[in-house]
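As C-alpha cells, the structure follows; a few thoughts come after it.
Predicted model only: the values in this text are computed from it and were never measured.
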Amino acid sequence: MNQPPDSCLAIAAHAKPELRMLALQCLCEADVAAKVAAVEAMAVAWDNGGMTLAADAALSAVAAIPGRPSLPALVPPREVKHRSMATVEGRAAMIHALAHIEFNAINLALDAIWRFAGMPPGYYADWLKVAREEAYHFSLLARHLQTLGYSYGDFSAHNSLWELTEKTSDDIVARMALVPRMMEARGLDASPRTRAKLAQAGDEEAAAIIDIILRDEIGHVAIGNRWYGWLCQRRQLEPLAAFAALAVQYKAPILRGPFNLEARRAAGFSEQELLALQQQE
C-alpha cells in the first residue's frame with residue numbers, strides 16, 4: 001500500500017498536527033490506498049495523544065471534495081448493472097458496490113470532522129473512529145475483490161450517499177439526521193439480505209465480512225443518533241418532527257422495508273421512531 005503523501009499526513013515530521021485540518025487534507029486525497037493509510041495513521045496519532053484539536057477554527061477547502069480516483073465511473077443508480085450472483089462476476093460486482101459505499105463512508109466521516117466547527121471533542125473523536133472503521137471495511141472488501149480477479153474501479157457505481165452528504169453541508173443537524181440515521185442506516189436493513197445472497201452463492205468469506213460491517217455500522221448509526229439527539233436538545237427541536245421536516249426540505253428518499261428493527265434498536269432508534277418508519281410502508 002502506498003504511503004500517504006506529505007500534504008495529507010506528515011505526522012512524523014510535525015509536532016502535534018491538528019485533527020480537523022488533517023481530516024480535510026485526507027478528504028482531498030484522491031489515491032485510495034493513500035487515503036486509507038492516512039486515516040489509520042490519524043487514528044493512531046490521535047489515540048497516542050499526538051494531535052491537537054481546534055474545534056472552533058474556521059476551515060475552507062482549497063481542493064476538490066472529495067478526492068477520488070478516476071475510476072469507478074459514476075452513473076445514476078438505475079444505470080448500475082445487476083449481475084447474477086451465481087457467477088464470479090456477479091459476486092464481484094456486489095462486493096465492488098459495497099466497497100464503493102465504504103469508500104464514500106470514509107469521505108463522509110472525514111467531512112463531518114472538518115466541516116462542522118464548535119462541537120464537543122467527543123464529536124470529532126467519534127467521527128474519527130467511524131472513518132477508521134470504514135477504511136478497515138473498505139480494505140477487507142477490496143482485498144476480497146482481488147481474490148475474485150477484480151479491483152476497485154472495475155465496475156461502475158452510483159454516488160447517492162455522497163450526494164446527500166453534499167446537500168447537507170450547510171447544516172449539521174440535517175447532516176446528522178439524514179446521512180448516518182437515514183442513508184447509513186439503510187445498510188443495517190440491507191446487510192442480512194446481502195449476507196444471505198453471498199452465503200448462498202458459497203462465498204463464506206464475503207459473508208463474514210458483512211458480519212463485521214454490520215457490527216460496526218450499528219455503532220456508526222448510534223453515533224449519528226447520539227449527536228442528532230444532542231443537537232436537537234441544544235436547539236430545542238423535537239427529534240421526530242425535526243427529522244420529518246428535514247427529510248422533506250432536503251428531498252431525502254422515502255424509506256421502504258423490510259427494516260432490521262433489531263439492529264436499529266441497537267443503534268439507538270426509539271420505538272416511536274421505528275413505528276413512524278414502519279408506517280411509511
Side-chain ion pair, K167 and E163, N-O less than 4.0 Å: no
Side chains of V179 and L161: closer than 4.5 Å at any heavy-atom pair? yes
Is the side chain of N48 donor-acceptor paired with the backbone N or O of G50 at a distance under 3.5 Å, no angle test? no
Value for CZ (R256) from CG (L277), rounded to nearest 0.5 Å, stands at 10.5 Å
H96 ring center within less than 6.0 Å of Y152 ring center: yes
Taking the side chain from N225 and the backbone from A267, do they hold a donor-acceptor pair closer than 3.5 Å? yes
Does a side-chain heavy-atom distance below 4.5 Å link L128 with M42? yes
Can you confirm whether E262 is buried at CD, in the sense that more than 12 heavy atoms of other residues, nucleotides or ligands lie under 6.0 Å from that atom? no
More than 12 non-hydrogen atoms from neighbouring residues, nucleotides or ligands closer than 6.0 Å to CD on Q272, yes or no? no
For V80, does its backbone N or O pair with a side-chain atom of H158 as donor and acceptor, under 3.5 Å? no
Can a donor-acceptor pair be found, under 3.5 Å and without considering hydrogens, that links the side chain of S191 to the backbone of L188? no
When rounded to the nearest 0.5 Å, the distance separating NZ of K251 from CG of L178 is 14.0 Å
Give, for atom OG of S139 and atom CD of E40, the distance between the pair rounded to the nearest 0.5 Å. 9.0 Å
Could you grab the distance from atom CE of M21 to atom OG1 of T52, nearest 0.5 Å is fine? 10.5 Å
Any side-chain heavy-atom pair from P76 and E79 closer than 4.5 angstrom? yes
Going from CD on Q146 to CG on D154, what distance comes out if it is rounded to the nearest 0.5 angstrom? 9.5 Å
Can you find a pair of side-chain heavy atoms, one from Y123 and one from I172, that are under 4.5 Å apart? yes
With salt bridge (Lys or Arg N to Asp or Glu O under 4.0 Å) as the criterion, how do R175 and D111 come out once you've worked through the C-alpha distance, each side chain's angles and the decisive distance to 0.1 Å? CA-CA 10 Å; R175 173 67 64 83; D111 194 77; 2.9 Å; yes
In the single-linkage hydrophobic clustering (I, L, V, M, F, W, Y; side-chain heavy atoms under 4.5 Å), do L53 and L110 co-cluster? yes
Exercise: do E134 and H220 side chains pair donor with acceptor under 3.5 Å: yes
Is L59 linked to M119 within one hydrophobic cluster, defined over Ile, Leu, Val, Met, Phe, Trp and Tyr using a side-chain heavy-atom separation of less than 4.5 Å? yes
Just wondering, more than 12 heavy atoms not from Q236 lying within 6.0 Å of its CD? no
Check: R20 side chain, A57 main-chain N or O, donor-acceptor pair, under 3.5 Å: yes
Test your reading of the model: is there a side-chain donor-acceptor pair from K35 to the backbone of E29, 3.5 Å cut-off? yes
Is it the case that atom CD in Q249 sees more than 12 heavy atoms from other parts of the structure closer than 6.0 Å? yes
Side chains of W162 and N107: donor-acceptor distance under 3.5 Å anywhere? no
Any chain of hydrophobic side-chain contacts (each under 4.5 Å) joining L145 to I212? yes
Are I218 and L274 connected, step by step, through hydrophobic side chains (Ile, Leu, Val, Met, Phe, Trp, Tyr) whose heavy atoms are closer than 4.5 Å? yes
Evaluate the criterion salt bridge (Lys or Arg N to Asp or Glu O under 4.0 Å) for residue pair D170 and R115; output intermediate values, then yes/no. CA-CA 9 Å; D170 63 335; R115 185 176 297 278; over 6 Å; no
Roughly how far, to the nearest 0.5 Å, is CZ of R264 from CG of D189? 4.0 Å
Is the CD atom of Q233 crowded by more than 12 outside heavy atoms at less than 6.0 Å? no
Is there a donor-acceptor pair closer than 3.5 Å between any side-chain N or O of E133 and the backbone N or O of V130? no
Heavy atoms from other residues, nucleotides or ligands near CD1 of I254 exceed 12 (cutoff 6.0 Å): no
Thinking salt bridges, do D203 and K197 make one under a 4.0 Å N-O criterion? no
In terms of heavy-atom contacts, does CZ of R234 have more than 12 from other residues, nucleotides or ligands at under 6.0 Å? no
When the aromatic ring centroids of F155 and Y150 are compared, is their separation below 6.0 Å? yes
Can L198 be reached from V88 by stepping across I, L, V, M, F, W or Y side chains whose heavy atoms are under 4.5 Å apart? yes
